[in-house]
Amino acid sequence: MPFPPNRLLLLLRRRRRSRLLLPLHPQKPSFSSSSSSSSAAAAAEEEDLLGGTDHSGEAPTLAKLGFEPPFPTDFAPNHGGLVEEDPRVLRLGVCHALAREGRLKEVRRILRQITDEEGSGSAPFICQMLLYKFREWDSNTIVWDMLANAYATSKMILDALYVLSKMDSLTMQASISTYDSLLYSVRCTDIAWELFQEAKAHGLVHSEYTCNIVIDGLCKQHKLVEAIDFFQQARERKEFRPCIMTFNALMSALCNVGFVQVAKSFIPIMLKYGLLPDRYSYSTLIHGLCIVGSMEEALELSEEMQKSGMELDMITFNSLINGYRLLGLMSEVWKLIQMMIQQGLQPDLVTYTILITGLCEKGNVEEGLRMRMEILSRGFELNIVTYSVLLNALCKRGLVHEVEKLLNEIETIGLDMDIVAYSTLVSGYCKLGEIERALQVCKIMCSKRVMPNLFTHRSILSGLCKKGMLVEARWYLENLANKCQVNDITLYNVVIDGYAKVGDVNNAVRLYEQAIKLGLEPTIVTCNSLIYAFCKVGNLTMAESFFKTFELKRLVPTVVTYTILMDAFCEAGNFDSMLKLFDEMVGKSIVPNAITYSVVIKGLCKHGMFQKAIHVLHDMHIKDVTTDQITYNTLIQGFCEVSNTEMAFRIHDNMLQHGVVPSPVTYNLLINVLCLKGRVKHAEMLLNSLVEKGVDLRKFAYMTIIKAQCAKGMPYKAILLFDRLINAGFKVSIKDFSSAINRLCKVYYLDEAKMLFKMMICFGIRPDQKLAAVMCNALNKKNDFCSLYVLQALIVKGGLLPWVLTKDPG
DNA sequence: GTAGGGTTAG
């Protein structure tokens, strides 16, 4: 007997809430809903078989696992339910007859047909047929064993276990191959390991496949340490002879976590067993090397593969292509595709998806969409993976309309959205601040039985936090923890960071402590957010203290940790501490990135060390650190703050030379510095040239010039620009009108102030008390009583208190 | 054995 089924059921009992649930037959009666006395007796027998009555008074284990067999209400012994003519009985009879003749292949085929037709939950019914019609047949054991095997190979695990438990009660012995089939079927669940241990504890002999199945299962469950340990021990005890598939499984699992060199070390072991690496071994290792960015080594290995007589196939080519994509080297991607075509292989959907991903990552969604048309024109159909890539890119660009179009397309062609596609959409809507829409998507996916996972929940939490809805985020998190038992530190990280961003140190720390109490391990991300929280409220002592505490906990600081602390010291004006941290970081071989350098540049500028700041920028170019808009803006801002217009513009030119497109913030800075230096005309010229070029500008750029024009006595230009601002589609507020009107009043351009005031009324914006007071006082001083009366009437009509007419709030 | 969703810093 390979293993005792009742013991297995006890194992299963411990996993009542495991994910291993069979699809239910909701319309079929369950044990508990049974009403007839005979069915109650049968139910009692079932309970006995299932390992005795549960003393807690709960239903039997299988029933708790969602197993609701049709028996006993529609079929029971001595109940007349079994009729000779039942085709299933006849087929089981045929099986017995064939088994007697040793025609086992045919028996297997018929039993597979029966189990597939009857579906999950049918085991009790079929067992009853075998039990009451064929008990005395000498071919009985073979048929029972093959029935268990049929259920196991059809992934109806609980049915297989049920048959085995029945066999156990009838003192029939199941075969090792049935045991292996069952083990194979459950190998991806944590049941497999205990199943094996139980079998071992009972001194059962393994087949030559058993250990290979266990290793494969452990690898697929990402239990790498256990898999390797098991492999070593089984080898030492000479319990098995590993096959090539086992080596490939181990190497694949290692590669997937980035341990490609460890994976490679399995090759000599393979050779010792007389096994030569096959195309799967090579492509697994090549894939592993590609995902860690070791492209040179990957190419070397692909050459070795070819020398061994194996041509590169699509999968290996795609791995290499994706490797270059991951490094952002799209030119190499194209080269490899050319090479692939030269070798007679046409790009497949995976190749195209990698290409689209690469294009989208470079910000070229339009080209990605065009590529989609090319795929269709080549006769391919897009799958949900390709659509997810496009959806993600469109969401990130905020192209909601295009997203909707693509979703319609997915629906029209009848493609099912999977968990990744739905999560992408949820995340996309969250990033766009459309939480309600994201939650609607969640509802839809649940209704389609695609359940939200960690990614989905994290996106929702992140979206709530970014909107400042921390109460809701906390509520959502606690609901997840209580109801769904989803306890993952990354979910806590998101909310802890949410608190950190608004400077709510107390709640950030409290939530952190709550996570620790739950037994969750903090990560460096948790730590970084807490350090950020203390920095945000200016408590650098606590920030440093937390930093040291986490280091003691062996959490390794990252470039993010150092950058947070450096920025805080920079903001506090503690230049020396900032540089000390920078040196400490470099000393630990942590490589500074663009964000770190921008903090350093900011610090140097604040300290008046502009030459050094420029030097850092050059240094970044030499070290091939990507400079972005913020890097340049930081330096431009530095020069603007000391009114060095010339240098600010030179940095802007340098930015263009390096192919970095200035952001709206760049132009805000440049226009502002021109206005501050009194060069309002230059500022306007710059603005005009930018508008002509179709450059994306912010309201700030317009308003900066308008305010300067008002203050410098250029009221008509200001009014015209105000008009252009409105025509450009910007929304104007009372604040914008007030800032212009106030300045005009200050320099006594009252007629123009009145014009803007009228313009404001025309736009349906009512003056507030402060603006009304400014206007009234100015009119009073100029003795413009006529206008004053009109204004007063307007104010009274608008419901503003009359006292504003005599008081100037300043 | 190949492609998709992701928490932290300027």
Side-chain angles (χ1 to χ4, degrees), chain A residues 245 248-249 251-252 255-256 278-288 290-291 313-323 325-326 348-358 360 383-393 395-396 418-428 430-431 452-459 461-462 465 488-498 500-501 523-533 535-536 558-568 570-571 592-603 628-631 633-634 637:
Chain A
M245 272 156 64
N248 289 345
M251 289 194 296
S252 173
C255 286
N256 284 332
D278 63 4
R279 63 166 55 255
Y280 293 98
S281 323
Y282 276 110
S283 79
T284 300
L285 288 173
I286 290 169
H287 172 234
C290 289
I291 55 177
D313 57 12
M314 278 307 301
I315 291 178
T316 317
F317 261 115
N318 283 338
S319 285
L320 290 165
I321 291 168
N322 195 41
R325 183 225 106 202
L326 286 167
D348 66 0
L349 187 58
V350 175
T351 324
Y352 277 114
T353 308
I354 297 168
L355 250 177
I356 294 177
T357 312
C360 291
N383 66 12
I384 197 65
V385 177
T386 323
Y387 275 112
S388 302
V389 172
L390 288 167
L391 281 174
N392 191 33
C395 284
K396 278 187 181 153
D418 67 1
I419 181 67
V420 178
Y422 273 124
S423 292
T424 305
L425 201 56
V426 169
S427 160
C430 285
K431 275 182 204 137
N453 64 6
L454 205 63
F455 280 92
T456 335
H457 294 312
R458 200 161 44 202
S459 296
L461 282 170
S462 185
C465 289
D488 182 280
I489 191 68
T490 64
L491 297 176
Y492 285 80
N493 287 350
V494 172
V495 185
I496 289 171
D497 191 67
K501 288 284 182 294
T523 63
I524 192 63
V525 177
T526 329
C527 156
N528 289 343
S529 290
L530 287 168
I531 292 174
Y532 181 93
C535 289
K536 174 94 184 169
T558 61
V559 62
V560 180
T561 323
Y562 276 99
T563 308
I564 292 168
L565 281 166
M566 281 170 62
D567 190 45
C570 174
E571 289 297 322
N593 62 19
I595 304 178
T596 325
Y597 281 116
S598 75
V599 170
V600 173
I601 289 172
K602 187 166 71 177
D628 61 12
Q629 295 171 328
I630 302 179
T631 323
N633 287 350
T634 308
Q637 186 168 11

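Residue numbers start from 1 in every chain, and the chains themselves are labelled A, B, ... in the order their sequence lines are given, proteins ahead of strands.
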For T351(A) against D348(A), the heavy-atom pair lying closest together: OG1-OD1, 2.7 Å
Touch class at under 4.0 angstrom, heavy-atom based, for Y532(A) against every strand present: sugar-phosphate
Touch class at under 4.0 angstrom, heavy-atom based, for T634(A) against every strand present: nothing
Contact check, side chains of I564(A) and V560(A), non-hydrogen atoms, under 4.5 Å: yes
Sugar-phosphate, base or nothing in reach of N633(A), heavy atoms under 4.0 Å: nothing
Touch class at under 4.0 angstrom, heavy-atom based, for A594(A) against every strand present: base
Between OG1 on residue T631(A) and OH on residue Y597(A), distance to nearest 0.5 Å: 11.5 Å
T357(A) and R325(A) side chains, donor-acceptor separation under 3.5 Å: no
Those residues that, when tested against T456(A), pass side-chain hydrogen bond (donor to acceptor under 3.5 Å, both in side chains) (two or more places apart): S423(A), N453(A)
Touch class at under 4.0 angstrom, heavy-atom based, for V389(A) against every strand present: sugar-phosphate
Sugar-phosphate only, base, or nothing, as touched by T353(A) at under 4.0 Å among non-hydrogen atoms: base
Sugar-phosphate, base or nothing in reach of N383(A), heavy atoms under 4.0 Å: base
Sugar-phosphate only, base, or nothing, as touched by S462(A) at under 4.0 Å among non-hydrogen atoms: nothing
Touch class at under 4.0 angstrom, heavy-atom based, for K431(A) against every strand present: sugar-phosphate
Sugar-phosphate, base or nothing in reach of T316(A), heavy atoms under 4.0 Å: base
Sugar-phosphate only, base, or nothing, as touched by I354(A) at under 4.0 Å among non-hydrogen atoms: sugar-phosphate
Between OG on residue S281(A) and CG on residue N248(A), distance to nearest 0.5 Å: 3.5 Å
Terminal contacting nucleotides, 5' and 3', DNA chain B versus chain A (heavy atom, 4.0 Å): dG1(B) to dG10(B)
Touch class at under 4.0 angstrom, heavy-atom based, for L425(A) against every strand present: nothing
Sugar-phosphate only, base, or nothing, as touched by L461(A) at under 4.0 Å among non-hydrogen atoms: nothing
Touch class at under 4.0 angstrom, heavy-atom based, for T631(A) against every strand present: base
Pi-cation contact, F455(A) with R458(A) (under 6.0 Å, within 45°): yes
